[in-house]
Amino acid sequence: MSDIDVLLQETRSFPPPSDFRVTARVHDARLQDDASMDPVNFWAREASELTWSKPWDTVLEWTPPHAKWFQGGQLNASVNCVDRHIHGPRRNKAAIIWEGEPGDRRTFTYWDMYREVNLAANMLKKLGVVKGDRVAIYLPMIPEAIFAMLACARIGAVHTVVFGGFSPESLRDRINDCGCKVLITADGGYRRGQIVPLKRNADEALKDCPTIEHVLVVMRRRSGVGDETFAEMQEGRDHWWHRLKRQVPKHCEPEVMDAEDLLFILYTSGTTGKPKGIVHTTGGYMTGVASTTKYVFDLKEEDVYWCTADIGWITGHSYLVYGPLANGATQVVYEGAPDWPEKDRFWQICERYGVSIFYTAPTAIRAFMKWGTPYVEKHDLSQLRLLGSVGEPINPEAWMWYHKHIGQERCPIVDTWWQTETGAIMITPLPGVTATKPGSATTPFPGIKTALLDTAGNEIGVGGGLLAITHPWPSMLRTIWGDDARYVDTYFTKWPNRLDLYFPGDGAKRDDDGYLWILGRVDDVLNVAGHRIGTMEVESALVDHPAVAEAAVVGKAHEIKGQAIAAFVSLRAGFTPSGSLRDELREHVAMKIGALARPDDILFSADLPKTRSGKIMRRLLRDIAEGRALGDTTTLADPSVVAALKDQYEAQE
Ligand code: WTA
């Protein structure tokens, strides 16, 4: 049965448990009633919960497809995440309870955070960073990563965080695209007991990054012995974080930022070979993430919140840094893998710190399912009261397992749909109000307006269609760095003459109760283990190899990762298919982009199925990769190509 059929048959429904509902921050269904909640009024009310140094003049200026929120208002994101908590009862509250993969632990109160962020901000200033400059951050999941982001925000520098799993080339391209002046990295980070040599990767990248003037290096390794092997410091360019810290003043006055001043750029994959720099601004983004963190996770003062995402992704930005800290939360931050040293590491952490809110991705949940419940049952998870899911569609089976074995049938699950571009959660249950259904992200957050449309732009009431967002929202991307035309073209041209309709690239279905079921991407973007990867990016990496003449990449269903990467490759004259060449090509992609993009399958083929106009028919390649009967082949230039490929693929399996 296909995923869609499974979803169509899902009838289970879970109302909020009554003891949860009575104490929930939102238990009044009216908050979710679209008609009574005008987006502009709603978001203005939410924005007023932040600390502004100057109030805004206008809530929204909308010249489709460009929106400006809270114009005239001034604020600083680091003040909202740190300074505003140090004068009251949160001063000595734990902000970050951190655990490294090898088992080392550090805790920072809000006062500690204040000191660290001020020092880090002054370090950046000492290296010449001024308001508007771009700073690249390539760090493991250590507290300094959060200090670095907030330090940028404090002085008005624009951070661009690059996930530590990306290759030197990927790092280089991102640094060069937005012209970063400083790079913050570490000698290494831990992953499954191995050291990820970030500084070495960075040095490789920096061979070709003319705009970088300085590199700030955090010493992650615990012993300090043999650091030189992981971090060769280049005189004048490279500086140890812990040394520079001793040379700067302790206080840094926060920069006054306009609401629409840039907060950060985060690169994400699209349908072309080149990742795009998604631009987020200060006032609207902070409003979106602060509000959603509070209501979606029902965050209370005494909660221990844990979002397992890496800061290299938007989930880390919004729900590990800016959202929880703006709300003065106590949160757990963990550096490493869920199965190191044992497959119960996450549950051990939940038990040790009494985690009450837990937010992770379906791919992780499916891995836990496979590992089995004994790893879970060993631990006391009685403090958990709310679970969240993000990043990809969650299949009902994984949802039910999460509900039963992690939530112990007591915790509501919030399945949150959103994107790098939306900045904050868009479609989600409100845990004190919404009856959840396994596999459905349910309904839009208050202040968010969506529609299901067909390709002509007609509204679909019940059934499947393309998801659209019909009203601007504060945390929406403002543009693509350096390419506003691409911004307009990618997100606002799906429906002719409707520059006011944002197209996220997802298909969805609405059921009789008005619930939305996200079906996944309808474009050439893959979602592999919750990571967005463009098929074109992988294809470009493959054709970069001297043996490859042509490559076509598709996603195929995968039990744990959701989607896996299948590549069809035709070789240049003089090269012959072999197992070792297959391994070499897989490594080549990992080297070019990062291990997350390494193809699962590679099939050599003399030809790729093309239409008479020369377009590769990916749809047919997907049929082959997923072992389905072939769809319509009548438009192919040479139908025998695809039949031969299918036989070959099946033989290989
Ligand atoms: C997918 C991650 C179904 C979707 C926050 C979207 C989801 C893409 C969900 C964005 C969900 C995210 N249910 N699909 N709850 N959450 N997606 O930019 O296809 O890394 O377009 O942001 O992930 O991925 P991104």
Side-chain angles (χ1 to χ4, degrees), residues 14 16-17 20 23-25 94-99 141 289 292-311 313 315-316 318-321 323-325 327 329-340 342-369 371 373 375-392 394 398-418 425 428-432 434 436 438 441 529-530:
F14 298 86
F20 189 98
T23 59
R25 275 182 173 271
I96 296 173
I97 301 172
W98 176 82
E99 193 170 299
M141 285 286 288
V289 298
T292 47
T293 304
K294 183 168 59 182
Y295 296 129
V296 174
F297 300 107
D298 187 44
L299 191 67
K300 310 258 177 57
E301 210 53 65
E302 62 279 13
D303 273 312
V304 178
Y305 166 97
W306 184 19
C307 165
T308 69
D310 191 283
I311 48 140
W313 311 114
T315 308
S318 301
Y319 298 107
L320 192 135
V321 181
L325 295 176
N327 281 286
T330 291
Q331 67 171 331
V332 170
V333 176
Y334 169 59
E335 177 187 31
D339 54 351
W340 191 268
E342 289 298 332
K343 295 184 171 66
D344 65 341
R345 185 65 183 269
F346 273 17
W347 318 124
Q348 188 189 62
I349 291 174
C350 283
E351 174 176 345
R352 179 175 296 141
Y353 304 110
V355 170
S356 57
I357 301 172
F358 179 73
Y359 190 33
T360 198
T363 188
I365 298 167
R366 290 188 296 261
F368 303 143
M369 275 172 82
W371 297 339
T373 51
Y375 290 108
V376 182
E377 284 153 8
K378 274 213 300 229
H379 296 282
D380 173 9
L381 301 182
S382 60
Q383 297 305 303
L384 283 174
R385 64 179 197 91
L386 179 73
L387 304 176
S389 171
V390 60
E392 35 168 338
I394 180 165
W399 196 104
M400 287 305 299
W401 187 91
Y402 200 29
H403 170 70
K404 184 154 179 235
H405 296 285
I406 307 301
Q408 299 170 343
E409 300 182 354
R410 164 187 82 238
C411 306
I413 296 178
V414 288
D415 173 7
T416 60
W417 176 86
W418 59 294
I425 293 168
T428 176
L430 288 179
T434 317
T436 53

Can you check whether [Y]'s main-chain N or O pairs, donor with acceptor, with [X]'s side chain at less than 3.5 Å?
| X | Y | answer |
| --- | --- | --- |
| Thr330 | Ala94 | yes |
| Trp306 | Thr360 | no |
| Glu351 | Asp380 | yes |
| Lys300 | Thr23 | yes |
| Arg25 | Tyr295 | no |
| Tyr402 | Gly388 | yes |
| Gln408 | Ser382 | no |
| Thr436 | Phe14 | yes |

Are [X] and [Y] close enough that some pair of their side-chain heavy atoms sits under 4.5 Å apart?
| X | Y | value |
| --- | --- | --- |
| Thr315 | Trp418 | yes |
| Trp371 | Asp344 | no |
| Gln331 | Leu325 | yes |

Heavy-atom closest pair, residues [X] and [Y]:
| X | Y | value |
| --- | --- | --- |
| Val355 | Phe358 | CG1-CB, 4.3 Å |
| Thr363 | Gly530 | CG2-N, 4.3 Å |
| Leu386 | Val296 | CD2-O, 3.7 Å |
| Met141 | Tyr334 | CB-O, 3.8 Å |
| Val390 | Pro362 | O-CD, 3.2 Å |
| Arg385 | Asp298 | NH2-O, 2.6 Å |

So, taking the atom named [atom1] in [X] and the one named [atom2] in [Y], what distance separates them when rounded to the nearest 0.5 Å?
| X | Y | atom1 | atom2 | value |
| --- | --- | --- | --- | --- |
| Arg410 | His403 | CZ | NE2 | 10.5 Å |
| Asp303 | Asn327 | CG | CG | 10.5 Å |
| Thr293 | Ile425 | OG1 | CD1 | 6.5 Å |
| Asp415 | Leu387 | CG | CG | 12.0 Å |
| His379 | Arg345 | NE2 | CZ | 10.5 Å |
| Phe346 | Thr308 | CZ | OG1 | 4.5 Å |

Under the side-chain contact (heavy atoms from CB on, under 4.5 Å) test against Tyr359, which residue among Pro324, Ser389, Cys307 passes?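 Of the listed residues Pro324, Ser389, Cys307, the side-chain contact (heavy atoms from CB on, under 4.5 Å) partner of Tyr359 is Cys307.
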Applying side-chain hydrogen bond (donor to acceptor under 3.5 Å, both in side chains), can you list everything that pairs with Thr292, at least two apart in sequence or on another chain?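 Residues passing side-chain hydrogen bond (donor to acceptor under 3.5 Å, both in side chains) with Thr292: Tyr319.
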Got a sec, which residues hit side-chain hydrogen bond (donor to acceptor under 3.5 Å, both in side chains) with Asp310, two or more places apart in sequence or on another chain?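 Expected list: none.
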Could you please spell out the steps behind the side-chain contact (heavy atoms from CB on, under 4.5 Å) verdict for Trp401 and Thr373? CA-CA 10 Å; Trp401 187 91; Thr373 51; 3.8 Å; yes
Checking Glu99 against Glu335 for the side-chain contact (heavy atoms from CB on, under 4.5 Å) test, could you report, in this order, the C-alpha distance in whole Å, the side-chain angles of both residues, the deciding distance, and whether it holds? CA-CA 6 Å; Glu99 193 170 299; Glu335 177 187 31; over 6 Å; no
Please test Leu381 against His405 for side-chain contact (heavy atoms from CB on, under 4.5 Å), starting from the C-alpha separation and ending with a verdict. CA-CA 10 Å; Leu381 301 182; His405 296 285; over 6 Å; no
Looking at Arg366 and Glu392, is any side-chain nitrogen of the basic one under 4.0 Å from a carboxylate oxygen of the acidic one?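 Answer for the salt bridge query: yes.
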